[in-house]
Amino acid sequence: MNSNIVLIGMPGSGKSTCGVLAAKALLKNFFDTDLLIQNLENQRLQEIIDEKGISYFERAEENAILSLDIKGTVIATGGSVIYSEKAMQHLKKLGKIIYLHLDYDTMLGRLNNITTRGVVLKKGDTLLDMYTERLPLYEKYADAVIHCDNTNVEEVVEKIVSLSN
């Protein structure tokens, strides 16, 4: 009951949506690290990125993750968390890391608010550049992978629940 489940994955993979439902099914708490960053910075993610830059945002994200000391929780992380080795090592100590994998085209189809949702996209990079750069990092840190293409929320939640046992 005290163990954590940590969800990582591309923007639009369902970390928050599926995470809260998995937490209910597993009788665990739910925690969204994006909300923690917003709370600590008193700004929306996209405002932090736009006004203070990507480097500042990545440090804020790392600091937020390193401050976590929780048990019995499903943790939804931001898609860029994998850029911080320190943050990922801390999350590994906190629990099992489940990677919600999406194919590129599926991700594109789910991202209808790319300019407002707080996606870390380096200047001049395309979404394909971001996808290609992040893919091996998600795979590197994952204890388990759920392929979320051609699945609905309930199916992904069922898989998270089965992997948490």
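The figures here come from the full heavy-atom set of this structure, side chains too, leaving out hydrogens, waters and symmetry mates.
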Check: [Y] and [X] side chains under 4.5 Å, non-hydrogen atoms:
X: Ile160; Y: Val156; result: yes
X: Met130; Y: Asp125; result: no
X: Glu41; Y: Glu51; result: no
X: Phe31; Y: Leu68; result: yes
X: Val145; Y: Tyr138; result: no
X: Glu85; Y: Gln89; result: yes
X: Asn29; Y: Ile70; result: no

Stepwise side-chain contact (heavy atoms from CB on, under 4.5 Å) check, Val74 with Ser164: CA-CA 10 Å; Val74 175; Ser164 69; over 6 Å; no
If only atom types and distance count, is the side chain of [X] paired as donor or acceptor with the main-chain N or O of [Y] below 3.5 Å?
X: Asn4; Y: Ile75; value: no
X: Ser3; Y: Gly72; value: no
X: Asn39; Y: Leu35; value: no
X: Lys86; Y: Leu66; value: no
X: Gln38; Y: Arg44; value: no

Check side chain to side chain contact (heavy atoms under 4.5 Å, CB included) between Ile97 and all other residues, then give those that pass, not counting sequence neighbours.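 For Ile97, the residues satisfying side chain to side chain contact (heavy atoms under 4.5 Å, CB included) (neighbours in sequence not counted) are Val6, Ile8, Met88, Leu91, Lys92, Asp143.
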Output, in order, the C-alpha distance, side-chain angles, deciding distance and verdict of side-chain contact (heavy atoms from CB on, under 4.5 Å) for Leu108 and Tyr131. CA-CA 10 Å; Leu108 271 188; Tyr131 183 91; over 6 Å; no
Answer yes if the side chains of Thr126 and Asp129 hold a donor-acceptor pair under 3.5 Å, and no otherwise.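 Judged by distance alone, the side chains do pair up.
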Residue pair Glu61 / Ser84, side-chain donor-acceptor N/O under 3.5 Å: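 No pair is found: no donor N or O on one side chain lies under 3.5 Å from an acceptor on the other.
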So which atom in [X] and which in [Y] form the shortest heavy-atom distance, rounded to 0.1 Å?
X: Val157; Y: Cys18; value: CG2-O, 3.6 Å
X: Ala64; Y: Ile37; value: CB-CG1, 3.8 Å
X: Arg134; Y: Ser80; value: NH2-CB, 3.6 Å
X: Thr33; Y: Gly78; value: OG1-N, 3.4 Å
X: Ser67; Y: Leu36; value: OG-CD2, 4.0 Å
X: Ser16; Y: Asp32; value: OG-OD2, 2.7 Å

To the nearest 0.5 Å, how far apart are [atom1] in [X] and [atom2] in [Y]?
X: Leu21; Y: Glu158; atom1: CG; atom2: CD; answer: 11.5 Å
X: Ile5; Y: Thr73; atom1: CD1; atom2: OG1; answer: 10.5 Å
X: Ile82; Y: Glu139; atom1: CD1; atom2: CD; answer: 11.0 Å
X: Lys159; Y: Cys148; atom1: NZ; atom2: SG; answer: 7.0 Å
X: Ile54; Y: Ile48; atom1: CD1; atom2: CD1; answer: 12.5 Å
X: Ile146; Y: Glu155; atom1: CD1; atom2: CD; answer: 11.5 Å

Applying side chain to side chain donor-acceptor pair (under 3.5 Å), which residue pairs with at least one partner in residues 94-108 are found, sequence neighbours left out?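 Qualifying pairs: Tyr99-His101, His101-Asp103, Thr106-Asp149.
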List the steps and the verdict of side-chain contact (heavy atoms from CB on, under 4.5 Å) for Met10 and Leu135. CA-CA 8 Å; Met10 297 287 176; Leu135 200 60; 4.2 Å; yes
Are there more than 12 heavy atoms of other residues, nucleotides or ligands under 6.0 Å from atom NZ of Lys52?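 Enclosed.
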What's the verdict on side-chain contact (heavy atoms from CB on, under 4.5 Å) for Glu133 and Tyr83, showing C-alpha distance, side-chain angles and the deciding distance? CA-CA 10 Å; Glu133 180 178 79; Tyr83 290 129; 2.6 Å; yes
